[in-house]
Structure formats: structure tokens, C-alpha cells
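Below you'll find the structure, written out as C-alpha cells, and then a few comments.
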Amino acid sequence: VQLQAFGGGLVQAGGSLKLSCVASGRNLDYYSIGWFRQVPGKEREGVSCIGSSANTTYYTDSVKGRFTMSSDNAKNTVYLQMNNLKPEDTAVYYCAADKTAGSCLLVEIGFYGMDYWGTGTLVTVSS
């Protein structure tokens with residue numbers, strides 16, 4: 001499966017952005033999907049994840065209540081709605097997919113061995 005992330009940009013603190021992760025090649029219904037972010041010089045961070053059976057969701061503590069994942073099966077696209085953005089949210093955001101139903105549990109404990117990674121999209125939040 002090929003993944004492409006879109007929707008990044010420059011926004012002021014308190015603003016919103018909606019990232020899209022568009023998949024081709026396979027139906028995302030059968031994959032766990034995660035959003036990750038990375039600041040140059042720092043480790044990649046798991047931001048959110050939804051399991052392939054949709055009964056598992058994960059958000060890192062710093063984004064809970066502000067970020068929401070959703071999907072449009074008809075468009076084979078997963079979204080990350082980001083509200084009340086903060087300067088510390090500035091990073092390159094990546095989406096990734098994995099065939100394992102329990103992948104989100106691994107993301108939660110810091111293991112990011114997803115099968116497929118998309119291109120990144122830069123989010124910059126100004127103070």
C-alpha cells in the first residue's frame with residue numbers, strides 16, 4: 001500500500017489543520033493506521049492510532065482532546081483533525097499502516113514498526 005500525507009502548513013497557535021492520509025493499492029479497512037510526528041534531531045513520536053477493527057484507538061497525552069482521527073472508506077483516506085494547535089505541535093507528520101490488528105497497542109508503548117510509511121507533511125505552529 002502506498003500512502004501520501006497532505007494538509008500541513010503554517011498556522012497560528014490556537015488554529016486548526018486537517019491532515020489527510022491517502023492510500024492506494026490496498027483497502028485501508030484491513031490496516032491499523034497511525035499518525036506520527038518528528039522534529040529534526042528528536043525521536044519520532046506516535047501521535048494517534050486506530051486499529052484495523054476500529055475497536056482500538058490511541059492518542060498520545062499531549063494531543064488528547066485536541067486531535068481526532070477519522071476515516072472515509074469511500075476515499076480510502078484517513079484524517080487527523082488538529083484543533084487548538086500549539087507551537088510544540090510543530091513537526092513533520094507521517095501516516096503509516098500495518099496489517100497487524102494490535103499495532104496500536106505497540107504504538108502506545110513506543111514501538112513504531114509499521115509496515116508502510118507515507119510521505120511527511122510539515123506542520124508549523126507559530127506563537
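Quick note: numbers below take in every heavy atom, side chains included, and nothing from hydrogens, waters or symmetry partners.
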side-chain contact (heavy atoms from CB on, under 4.5 Å) with Met82: of Asp89, Val47, Leu19, only one passes, and it is Leu19
Rounded to the nearest 0.5 angstrom, the CG-OG1 distance for Leu105 and Thr56 is 5.5 Å
Applied to residues 68-103, the disulfide (SG to SG under 2.5 Å) test, sequence neighbours excluded, yields Cys21-Cys95
Sorted by chain and number, sequence neighbours left out, side chain to side chain donor-acceptor pair (under 3.5 Å) with Thr124 holds for none
(message) Given 3.5 Å as the limit, does a donor-acceptor pair link the side chain of Asp98 with the main chain of Asp115, or not?
(response) yes
The reported gap from OG in Ser20 to CG in Leu80 (rounded to nearest 0.5 angstrom) is 9.5 Å
Please walk me through it: do Thr60 and Glu45 pass side chain to side chain contact (heavy atoms under 4.5 Å, CB included)?
CA-CA 9 Å; Thr60 193; Glu45 176 187 24; 3.7 Å; yes
What one should report as the nearest heavy-atom pair of Ser16 and Asn84 is OG-N, 4.2 Å
Cluster membership besides Tyr58, Ile/Leu/Val/Met/Phe/Trp/Tyr side chains within less than 4.5 angstrom, sorted by chain and number, is Phe36, Val92, Tyr94, Val107, Tyr112, Met114, Trp117, Leu122
In this structure, OH of Tyr116 is separated from OH of Tyr31 (nearest 0.5 Å) by 4.5 Å
Subject >> Residues Thr121, Phe6; criterion side chain to side chain contact (heavy atoms under 4.5 Å, CB included); working and verdict >> reply: CA-CA 6 Å; Thr121 185; Phe6 301 96; 5.7 Å; no
Residues at least two apart in sequence or cross-chain that pass side chain to side chain donor-acceptor pair (under 3.5 Å) with Asn27, listed by chain then number, are none
Test side chain to side chain contact (heavy atoms under 4.5 Å, CB included) on Ser52 and Tyr30; report intermediate values, then the result. CA-CA 5 Å; Ser52 57; Tyr30 304 108; 5.7 Å; no
### Query
Distance-only, no hydrogens or angles: does the Thr90 side chain make a donor-acceptor pair with backbone N or O of Val125 under 3.5 Å?
yes
dist Leu85:CG -> Phe67:CZ (nearest 0.5 Å) comes out at 5.0 Å
Looking only at heavy atoms, the pair that brings Cys104 and Ser32 closest together is SG-CB, 4.3 Å
Correct closest heavy-atom pair for Lys42 and Gln38 would be O-NE2, 3.0 Å
Residues Ala97 and Leu3: closest non-hydrogen pair is N-CD1, 3.7 Å
Sorted by chain and number, sequence neighbours left out, side chain to side chain donor-acceptor pair (under 3.5 Å) with Gln81 holds for Asn83
Go through Ile33 and Met69 one step at a time and tell me if the side chain to side chain contact (heavy atoms under 4.5 Å, CB included) criterion holds. CA-CA 9 Å; Ile33 307 297; Met69 283 188 71; 4.2 Å; yes
Interatomic distance, OG1@Thr68 vs NZ@Lys18, rounded to 0.5 Å, equals 10.0 Å
Residues at least two apart in sequence or cross-chain that pass salt bridge (charged side-chain N to carboxylate O under 4.0 Å, His left out) with Lys86, listed by chain then number, are none
Closest non-hydrogen contact found for Arg26 with Asn76 is O-ND2, 2.8 Å
